[in-house]
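Structure first, commentary second.
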Amino acid sequence: MTLTATSVPALWRLARLDFDPVRQQRVLLYPEGVVLLNDTGGAILELCDGHRSIGDVAAILQERYHRDVTADLIDYLSRLIERELVRVE
């Protein structure tokens with residue numbers, strides 16, 4: 001699947017964001033395991049709510065980090081889609 005600025009990403013229905021108090025970091029939980037997230041990964045997935053497009057998410061992150069993050073965002077989400085942790089509508 002090719003992601004575009006109009007693609008609308010969301011977490012897989014059985015995946016959820018959480019905070020691990022032992023590791024003191026955000027995590028993506030799913031039935032088979034856990035993905036430890038850095039601050040940027042957590043910020044991206046928090047914005048992938050099934051309503052915002054990739055273009056919307058990129059604009060929010062660009063304002064926050066003061067750089068164009070579109071290519072990095074698409075690469076990150078593509079890898080999570082391959083692992084079936086994120087879906088696209």
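Atom set for the values below is all heavy atoms of this structure, side chains included, hydrogens, waters and symmetry mates excluded. Numbers for residues simply follow the sequence, beginning at 1.
Distance check: Asp75 CG to Thr70 OG1 gives 12.5 Å after rounding to the nearest 0.5 Å. In this structure, CZ on Arg64 lies 9.0 Å from OG1 on Thr40, to the nearest 0.5 angstrom.
Of the residues Leu73, Val69, Asn38, the one that meets the side-chain contact (heavy atoms from CB on, under 4.5 Å) test with Ile44 is Leu73. Of the residues Val8, Leu17, Val86, Leu77, the one that meets the side-chain contact (heavy atoms from CB on, under 4.5 Å) test with Cys48 is Leu77.
Residues passing the side chain to side chain contact (heavy atoms under 4.5 Å, CB included) test with Leu85, sequence neighbours excluded: Leu28, Tyr30, Val35, Leu80, Arg83.
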Mind listing the side-chain donor-acceptor pairs of residues 51-60 below 3.5 Å, one per line with the distance, residues two or more places apart or on another chain?
from, atom 1, to, atom 2, distance (Å)
Arg52, NH1, Leu47, O, 3.4
Arg52, NH1, Asp49, OD2, 3.0
Ser53, OG, Ala5, O, 3.3
Ser53, OG, Gly55, N, 3.3
Ser53, OG, Asp56, N, 3.1
Ser53, OG, Asp56, OD2, 3.3
Asp56, OD2, Ser53, N, 3.1

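The shortest side-chain heavy-atom distance between Leu45 and Arg16 does not fall under the 4.5 Å cut-off.
Not a single donor-acceptor pair under 3.5 Å links the side chain of Gln25 to the backbone N or O of Phe19. The main-chain N or O of Ile74 is found under 3.5 Å from a side-chain atom of Ser78 such that the two form a donor-acceptor pair.
Counting heavy atoms of neighbouring residues, nucleotides and ligands inside a 6.0 Å radius, atom CD of Glu63 does not exceed 12 of them.
No chain of hydrophobic side-chain contacts below 4.5 Å, direct or via other Ile, Leu, Val, Met, Phe, Trp or Tyr residues, connects Val27 to Leu37. Linking ILVMFWY residues whenever their side-chain heavy atoms come closer than 4.5 Å, directly or via other members, places Ile81 and Leu14 in the same cluster. Residue Leu36 is grouped with residue Leu29 when hydrophobic side chains (ILVMFWY) are merged at heavy-atom distances under 4.5 angstrom, including chains of intermediate members.
Within the structure, salt bridge (Lys or Arg N to Asp or Glu O under 4.0 Å) contacts touching residues 33-47 (residues at least two apart or in different chains) are Arg26-Glu46.
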